[in-house]
Each structure stands twice: as C-alpha cells, then as structure tokens.
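In this chain, numbering begins with 1 at the start of the sequence shown. The model shown is predicted, which means the values in this text are computed figures rather than measured ones.
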Amino acid sequence: MLKIIVPFLTLLLIEMNKTETQKGVSINSAIIKSDTEENIREGSKITLTCSASILKQQMEALQIVYLFYKGEDKGVLLKNVTSDERETQCIIQSARVSHSGYYHCVVEAGSEKKDSEPTFITVKGKLQTPLLSIQPMNVTVGDSIVLRCASEEIPPLTFIFFKEKEGQKPQRLKDINSNNKSAVHQLKVIANTDKNYSCKVRVSGISDSSLRSKIVQITVQDPFSDPVLEIEPSDRIFEGDNLTIQCIVNFTPLFLGVQPEILIVKDATPITTNYNATTAVFTTTAALNDTGEYECMVKWKEAMKMTKRQVIVKVPVSEPTLKSTRTGDNAVEGDTLDLSCAVLKGSYPITYKFYKVTTDGALYQKTLNATKAVYSITSVNSEHHGTYSCEASNTVNQRNQTKRSQYVTITVKVPVSNPTIKQNSLKDVYKTGEAVTLLCHSTTGTLPITYSLFLNKRFIYSVSKSNTESAAFEVLINETKDGGEYKCKAENEIPNLFKYSEGMNFTVKDTTWWIYISSVSPVIILVAAAVILSLCLKRLRSNKDISQADESDGTHQGEPLQHIQGAYTDRNHEGDYTNIMPPEGNGADTERNHEGDYTYIMLPEENGYIFTGSDSESDCDRDYTNVSSKRKAANIDSDSCSDENDAIQYTQIDLTALQSGNMPQPQGHTVYASIAFDKIQQGSP
C-alpha cells in the first residue's frame, strides 16, 4: 500500500511546486518571423523564429512551450518545442513550392497562451505531379474499385478525383481535404465505359496550383452485350395494327451461365419481365395509348444496360365534344366564358377550330399535343349570343382526318337596368276616391322582366312584361295612408341582380261625400240622377198649378191629402214633397199610400218651389237622395239614414254639390230623393 501512496504523494508535491512556480506569469506577445526574403527559391533553407515577451514575479526557471503551424487555419502542426528561452526556431532545410503559405506560432507558459499574427511565405518553383493508382485493375460491371491519389507536396492538401470519357468534359467524382499526403476514394463500375480515371492535388494558399495526374485505365469486362429493342411494324404504326416489341441480349462466353433479368418498360412502368432467358416479348393490338417511350433493360448483379425507342401509334381524331363552363349554357353579360373542345382519342398534333354559325371562318384556332383546347371570352356581351361548334383534325397515313362537334347555343342574359318610376299625371296631392297610374320601366334587361310595386317598403303587387313596354300599376286611393314613397323593383331570370328605382312621393287628402258615393253602384247613381232631373222638371210645372189652385179654393195646410196629376200633396208636413206612385193600370196597390215604395223629393222655396221648413221626420242634416225599399229595411249599413216611422233606408247625395263641380256648398234646405229599387227594376217610372 505504501508503494502506491508514496509515489502518488511525490508526484502531487511536484505538481504543486510547479503550479506555485508558474504563478504570476503573464505573456504580453508572441511573434513569428522568417530569416529570408519574401520570395524564396525552391531548395532554399527557411528559418522560422518564434519569440515571446513574458513577465513573471518569481525567480525560479520558467518552462515555455512553442508550437509552429502551417495553413491559414493552422491545419498542420510542424513543430512542438519546450524551452526556458524567450525564443526558438523551426528550420525547413529544402523548400518546395508547397511550402508556400501562412505560418503561425503559439506560446504557452503556465496557464497563459498567446497566438502570433500569421506570416506568409512564397516559394518559387513547380509543383510535383500527383500519382493515381487503382485496385483492382480488371473488373466486371458492378464491381467496386479503390482510387488512391498521392503527392509529395506539403499538407494541407485537397485531392480531387475524376472519371474521364473520350470527347467529354471530365466528370468530377469527389473532393477530399487532407492533412496527409494521400487520399482514397471507393466507387462501383456501373458500365463498361467506366474505364478511365485521374486525380488532381491543390495546395492550400496557392492559387492555380492544381496539377492533374496521368489517366489510369482499367479493364472492364461485360457479362452481356448492349440490349437490342426491335419493334414491328418498324416504320409507321396505325390503330389496329399488330404491334410486337422484343428485347434481345447476348452474353459473352465467360458469362454464359449467368441468369439476368430482362424487362420491357413503357413510360417508366414495366410491362414485361423475363428471367433466365435472352429475350423478352410484348405483343398487343395497336391503340392510341400504346404511344410512348419504350425501354429494353437488362440487369445482373450491379450490372445494368438499357436501350430506348419512341413508339407513335397514328390514330384519327374522334368526334369532339363542345362544352361551356356556364351552367345550362347561360352566360351573364360581363362574365368570362370558356368553350372547351375535347376528343377521346387522336394522334398528336391535333388542330382545334371554334366556329359560330352566324360568322364566316373560325373564331379561334390552336394546334396542340393535347386532347382538349379552350376558347376563352373574357367579357361576354350580347354579340356573343348564338350557336357554336368546333372541329378537331389530325393527319394519319398521309390523310387529313377532320371531325365536327355537336352544336351548343350560348344564351347571353342581360341584367336589368335601374328602373324609373313615374305617374300618369303631374299632381303631388290626391284626394281619396281618386285613381293614379304608376309606370315602371327598365331600359335594358333580358325579357321577361317582373316589376314589383312597393309603398313605404311594403309590397303591393307585381306585373310581368314580355315586351319592352312599361309596367302600369293602377292604384285606387281609398285612404290617406295610400300616400307616401312608392318604389318599383325590376328583376329577370338572372338571380340576385334585381334593381330598385328611386322613390316617388305624393300626398293623399281625405274628402264628406265620396266615401258614401263610392259604395253605391255606378248604375244606380246614373238612374237616380236621371229620375231626379225628370222630377225636378215636373215639379216646376206642378207647383205652379198647385199654387194657383190654393189661391182660388183656399186650400191650406192640414187639409186632407189631395191627388193632383198623379202626385200627392201633404200639407201636414212642414216641407212639401212629391210622392210618385206607379199608375193604377200597372197593377200597383193604390191603397198602400205610405206603405208602398216611393220617390220622395223636397225642394227649396226659391224659384217658385213651395217650402215651409225641414221635414220633421228626417234624421239627416244634408241634402240627399234616398234610395230605399221598405221591404228591405233590415239591410241598414253605416252610410244610411232611416225614418223611425217608415224605417226608410237611403243614401245621401248632395244634389247642389253635384251641380257645382263636386265642391261643398253652404248649409241650406234639404233636398233629397227616395227611389224604389223594385219599381226601377220592373221598368216602372
């Protein structure tokens, strides 16, 4: 145990003493110099001196390590010297060109280390030619060989290996950087042409220093010959021919026992494989898809040889098909339209032509090695509307083959323009009961066009037009809310491209009498007007006669009812009236008196008419026409006024207003008429 411990402690004490000795060491600088001129002749002696500037605090001896390097990146260590001196030397006895380059020195003392700046040395002379050797020299295709390139130049060196081919630029195989004087590269011989090789050596730091070795040639033995690809028919192949492709290979006598793999390949896909034979055969009936590149390929171990040939089967074009990219062959103005003309088969090149039946000559023509051509229209307009077709043609057996497609009709649809809305009058204020016609029209757009009317964004109704005329909307103004902003919308079969017009506004004012008249049949109004006019004329004559009779016989109010010229005058009422009854000869009930249907007219006193006041039995305030039937008294509407005693129904008409242009008149005496409907319907007066 002591034998182990004592030496260990001794070594530890020495190291501790050495560490103490090296304490306080500081290296200020390290410098390398050459004792010769910058340009040195080949064979000269070169002395490199490395000096160091060191400070130390103790008086003990100091051990300094000097390292000499060659190369810009200090790739090669030339010398390692340990000394207690402040400088040391590295001597090159006989300089070579490869000694040219950068040199460095490194100084180490204690724990300190310092690198010098590099110095460059140039040696004039010639580089030695490298030597290439190859093992083995006799090989078979697929065997491996080793290439070794050696040089007498000073490292670091770069070795470059080449494959040489007659009449071609050398093929660079590998670059190897080495700090030795030789390098090795291994490869496989893949063909019998891989026979010649060379190498170069490049010295670091010297431009254009590469020297090529002599070319070394090896012997490469082929187990088989280059394969032969035979094709029948050999000149022209047409669709339907019997196509035969053979791959044939011959073996050298030395390799008669080998068993290769023979393949026939089409467009990189094997179609026939044969083993243990010298021939592979592919047979088919020629078709368009048999066109392509065929290879005859033979493999054995690492050896592989191949031969290629192009096969073209001539096929007439099939009937082309014309298609549009637009659904249903409908195109919207401004869209892009593509027409494609495609064939299922046909030998290349194929010429495509596009036609429109209304134009002379082809619209577009293109010759392609493809089964489809496209004719593009970048912006469709109405001129592109019409029927199209296309042609495809190629040349087979010296004959031009042409086929035409079916016809395709392209319908170009034009979006509607912004519609305009206007009315048939220039008024901007209407009264209830009036009617207005609104006209909506789009100047452009594919027919039919559907126009829709909106009032204050509320849909009213639609009108479809199959011509270019405006759409007319009849609007009956019933209420004040029928006024406001009217707009119309135009749309056709093109989805999502509808347009709205600008808004148009007018105001509605409400009128006392039109609401009631509008509820009565126009026929009844005309009949009532005729009856009233007739009665007024008769009353003018009868009142004159009655006045004269009253003055002569003293007739006064309150006397019994008298019959004068078919009329009854009742003085019991404050107002005079005429009750027109049908004649007795017509079978009318003369005893009905007030029980019967009648026409009742009260007239004012002016202009010779008798009038003593308003009818006390009347519930109405204004002049009116009473059209009633006592037997129909149950059908009373909100616009009627009734007599409590007789339950008479009537509709009010302001006669004075009718005579004065429908303008309201000041409140006056009541003038009204009661018309028996059933008598009018029976043709009675």
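- Here the straight-line distance linking atom OG of Ser151 with atom CG of Leu157 works out to 5.5 Å at 0.5 Å rounding.
- For Thr336 and Thr378, the side-chain atoms include no donor-acceptor pair closer than 3.5 Å.
- For the cysteines Cys199 and Cys149, the sulfur (SG) atoms lie within a distance shorter than 2.5 angstrom of each other.
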(request) Mind running side chain to side chain contact (heavy atoms under 4.5 Å, CB included) on Lys308 and Leu229 for me, showing each step along the way? (result) CA-CA 7 Å; Lys308 297 181 180 181; Leu229 190 61; over 6 Å; no

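- Checked by atom type and distance alone, the side chain of Glu42 never pairs as donor or acceptor with a backbone atom of Ala95 at under 3.5 Å.
- Thr325 and Asp338 form no side-chain donor-acceptor contact under 3.5 Å, judged by distance and modelled atom types alone.
- Residues Val25 and Leu55 are not in side-chain contact: their nearest non-hydrogen atoms beyond the backbone lie 4.5 Å or more apart.
- Atoms OG1 and NZ, from Thr129 and Lys200 in turn, are 12.0 Å apart once rounded to the nearest 0.5 Å.
- Taking 4.5 Å as the limit, some side-chain heavy atom of Ser393 sits within range of a side-chain heavy atom of Asn400.
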Could you tabulate the donor-acceptor pairs under 3.5 Å formed by side-chain atoms of residues 71-84, not counting sequence neighbours?
| unit_1 | atom_1 | unit_2 | atom_2 | d |
| --- | --- | --- | --- | --- |
| Asp73 | OD1 | Gly75 | N | 3.4 |
| Lys74 | NZ | Asp115 | OD2 | 3.0 |
| Lys79 | NZ | Gln89 | O | 2.8 |
| Ser83 | OG | Glu85 | N | 2.9 |

(request) Could you walk me through whether Gln128 and Arg96 pass the side-chain hydrogen bond (donor to acceptor under 3.5 Å, both in side chains) test, one step at a time? (result) CA-CA 9 Å; Gln128 289 188 350; Arg96 301 171 61 90; 3.0 Å; yes

(request) Apply the test side chain to side chain contact (heavy atoms under 4.5 Å, CB included) to residues Val311 and Ile231: give CA-CA distance (whole Å), side-chain angles for both, the deciding distance (0.1 Å), then the verdict. (result) CA-CA 8 Å; Val311 173; Ile231 300 175; 3.3 Å; yes

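- Scanning all heavy atoms of the two residues, the minimum distance from Tyr352 to Ala370 falls at OH-O, 2.7 Å.
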Taking distance alone, no hydrogens or angles, what donor-acceptor pairs closer than 3.5 Å link side-chain atoms of residues 162-169 to residues at least two apart or in another chain?
| unit_1 | atom_1 | unit_2 | atom_2 | d |
| --- | --- | --- | --- | --- |
| Lys163 | NZ | Asp194 | OD1 | 3.2 |
| Glu164 | OE2 | Ser198 | OG | 2.7 |
| Glu164 | OE2 | Arg212 | NH1 | 3.2 |

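- When side chains are defined from C-beta on, Val139 does not count as touching Gln221, because their heavy atoms never get closer than 4.5 Å.
- Annotation: side chain of Tyr103 is in contact with side chain of Ile32 (closest heavy-atom distance under 4.5 Å).
- No donor-acceptor distance shorter than 3.5 angstrom exists from the side chain of Thr119 to the backbone of Lys33, with no hydrogens or angles considered.
- In this structure, Thr285 and Asp290 approach most closely via the heavy-atom pair O-OD2, 3.4 Å.
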(message) Go through it in stages, so that I can follow the logic: the residues are Val396 and Phe238, the test is side chain to side chain contact (heavy atoms under 4.5 Å, CB included), and I'd like the CA-CA distance, side-chain angles, deciding distance and then a yes or no.
(response) CA-CA 8 Å; Val396 176; Phe238 300 102; 3.7 Å; yes

(request) Decide disulfide (SG to SG under 2.5 Å) for Cys50 and Cys105; before the verdict, give the C-alpha distance in whole Å, the side-chain angles of both, and the deciding distance to 0.1 Å. (result) CA-CA 6 Å; Cys50 182; Cys105 77; 2.2 Å; yes

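- The aromatic rings of Phe120 and Tyr102 sit perpendicular, their planes meeting at an angle over 60°, well past the 30° parallel limit.
- Annotation: side chain of Ile350 is not in contact with side chain of Thr367 (no heavy-atom distance under 4.5 Å).
- Judged by distance alone, the side chains of Asn394 and Gln401 never bring a donor and an acceptor atom under 3.5 Å apart.
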(request) List the steps, then state whether salt bridge (charged side-chain N to carboxylate O under 4.0 Å, His left out) holds for Glu391 with Arg404. (result) CA-CA 4 Å; Glu391 281 184 355; Arg404 183 177 283 269; 2.7 Å; yes

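- In this structure, the separation between NZ on Lys70 and CG on Leu48 is 11.0 Å, given to the nearest 0.5 Å.
- The shortest non-hydrogen separation linking Thr278 to Ile262 is C-CD1, 3.4 Å.
- Within 6.0 Å of NZ on Lys366 lie no more than 12 heavy atoms contributed by other residues, nucleotides or ligands.
- Atom CG of Leu344 has 12 or fewer heavy atoms from other residues, nucleotides or ligands within 6.0 Å.
- With no hydrogens or angles considered, no side-chain donor-acceptor pair links Ser51 and Glu87 at under 3.5 Å.
- We find the CD1-NZ distance between Ile134 and Lys195 to be 13.0 Å, quoted to the nearest 0.5 Å.
- Using a 4.0 Å cut-off between charged nitrogen and carboxylate oxygen, Lys345 and Glu239 count as a salt-bridge pair.
- Under the 3.5 Å distance criterion, the side-chain polar atoms of Asp175 are left unmatched by any main-chain donor or acceptor of Thr158.
- For the atom pair SG of Cys390 and CG of Leu339, the computed distance is 9.0 Å after rounding to the nearest 0.5 Å.
- Under 4.0 Å is where a charged nitrogen must lie from a carboxylate oxygen, and between Lys299 and Glu261 no such pair does.
- Arg86 has its side chain within reach of Ile64: a pair of non-hydrogen atoms, C-beta onward, lies under 4.5 Å apart.
- The closest side-chain heavy-atom distance from Lys124 to Arg41 is not below 4.5 Å.
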(message) Please evaluate residues Tyr197 and Leu132 with respect to the criterion side chain to side chain contact (heavy atoms under 4.5 Å, CB included), reporting the C-alpha separation (whole Å), side-chain torsions for both, the decisive distance (0.1 Å), and the verdict.
(response) CA-CA 8 Å; Tyr197 300 89; Leu132 177 66; 4.1 Å; yes

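- Here Ser324 contributes atom OG and Leu337 contributes atom CG; the two are 4.5 Å apart, rounded to the nearest 0.5 Å.
- Between Lys403 and Glu319 no salt bridge is recorded (no basic side-chain N to carboxylate O distance below 4.0 Å).
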(request) Under the side-chain hydrogen bond (donor to acceptor under 3.5 Å, both in side chains) rule, what do Ser405 and Thr321 come out as? Steps first, then yes or no, please. (result) CA-CA 5 Å; Ser405 73; Thr321 301; over 6 Å; no

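- Taking the centre and axis of the six-membered ring of Phe161, the NZ or CZ atom of Arg148 falls outside the cone set by 45° and 6.0 Å.
- Using a 4.5 Å heavy-atom cutoff, the side chains of Ile237 and Leu243 are in contact.
- Looking at residues two or more places apart in sequence or on another chain, you find a side-chain contact (heavy atoms from CB on, under 4.5 Å) between Gln310 and Glu293, Ile312.
- Smallest separation of non-hydrogen atoms from Lys181 and Pro155: CG-CG, 4.0 Å.
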